[in-house]
Amino acid sequence: MTPVLLVDALRDFIEDVVKNYWLETKKPDLNKPPQVVTGYLPPPEASREEPNFPFVIIRLLEGTDDQEGSTVTVKIIVGTYSEDSQNGWRDVANIIQRIRTELLRRRVIAKKYRVEYPIKFEIVEEHPYPEWIGVMTTVWAIAQPIVEEVFYGEGE
């Protein structure tokens with residue numbers, strides 16, 4: 001139950017949530033479901049056949065340990081492509097809504113990671129048209145190591 005395993009479990013979960021959502025790409029005759037990656041998108045390559053958009057990136061941001069428990073913050077970045085300047089943002093909003101709905105409905109993924117409230121999202125106002133970006137911020141409860149009792153001996 002480490003943060004890295006959580007990110008991998010979240011990738012598997014989101015791949016299943018978005019697999020039937022076909023979206024526009026930069027190639028005129030190519031629609032595809034969002035690719036779901038952890039960390040960062042692969043670097044652009046001239047020989048690459050498939051465009052990066054649409055995508056969902058799962059990125060581990062930070063962690064907190066206190067007496068109540070341990071949590072990590074994970075950003076879920078959604079990117080879509082649409083030349084429709086009035087409605088292009090809707091694809092990002094719809095993908096975020098699908099992920100959000102499934103997270104709130106299940107609350108636990110891979111039988112061990114629980115999402116905490118609040119789940120936040122935003123559609124980025126300044127976007128590189130015709131690419132559209134939205135970001136979800138999620139907080140997850142993770143396991144905390146058990147305190148190890150140390151015996152220092154008697155009276156010495």
Do [X] and [Y] belong to the same hydrophobic cluster, where Ile, Leu, Val, Met, Phe, Trp and Tyr are linked whenever their side-chain heavy atoms lie under 4.5 Å apart, directly or via other members?
| X | Y | result |
| --- | --- | --- |
| Tyr81 | Ile95 | no |
| Val135 | Leu104 | no |
| Ile76 | Leu41 | no |
| Trp140 | Ile58 | yes |
| Leu6 | Tyr117 | yes |

- prompt: Going by distance alone, is a donor N or O of one side chain under 3.5 Å from an acceptor N or O of the other, for Ser82 and Asp91?
  reply: no
field: More than 12 heavy atoms of other groups within 6.0 Å of Phe13 CZ
entry: yes
- request: Given side-chain contact (heavy atoms from CB on, under 4.5 Å), test Val7 with Leu10 step by step and report yes or no.
  value: CA-CA 5 Å; Val7 168; Leu10 198 50; 5.6 Å; no
Nearest 0.5 Å, what's the [atom1]-[atom2] distance between [X] and [Y]?
| X | Y | atom1 | atom2 | answer |
| --- | --- | --- | --- | --- |
| Met136 | Ile99 | CE | CD1 | 6.0 Å |
| Ile57 | Tyr40 | CD1 | OH | 9.0 Å |
| Lys75 | Lys120 | NZ | NZ | 9.5 Å |
| Glu131 | Glu83 | CD | CD | 10.5 Å |
| Gln35 | Thr25 | CD | OG1 | 11.5 Å |
| Gln144 | Thr71 | CD | OG1 | 9.5 Å |

statement: Minimal heavy-atom distance between Glu24 and Pro54, with the atoms involved, is O-CD, 3.8 Å
- request: Please report the closest heavy-atom contact between Gly88 and Thr80, naming both atoms and the distance.
  value: O-OG1, 4.1 Å
task: From the options Val37, Val36, Ile77, select the one residue that forms a side-chain contact (heavy atoms from CB on, under 4.5 Å) with Phe55.
output: Ile77
field: Qualifying residue for side-chain contact (heavy atoms from CB on, under 4.5 Å) with Thr38, from Val4, Leu60, Val56, Asp8
entry: Asp8
side-chain contact (heavy atoms from CB on, under 4.5 Å) assessment of Val115 paired with Ile109: CA-CA 8 Å; Val115 68; Ile109 65 167; over 6 Å; no
query: What is the ring orientation for Trp132 with Tyr129, classed by angle as parallel under 30°, tilted 30 to 60°, or perpendicular over 60°?
result: perpendicular
Beyond-backbone contact of [X] with [Y], side-chain heavy atoms, under 4.5 angstrom:
| X | Y | result |
| --- | --- | --- |
| Phe53 | Ile133 | yes |
| Pro3 | Ile142 | yes |
| Ile96 | Ile123 | yes |

message: Tell me whether Glu102 is salt-bridged to Arg106, with the criterion being a basic N under 4.0 Å from an acidic carboxylate O.
response: yes
- request: Check whether any side-chain N or O of Asp66 sits under 3.5 Å from a backbone N or O of Gly69 as a donor-acceptor pair, and report yes or no.
  value: yes
message: For the backbone of Val74 and the side chain of Thr138, can you confirm whether one donor and one acceptor N or O come within less than 3.5 Å of each other?
response: yes
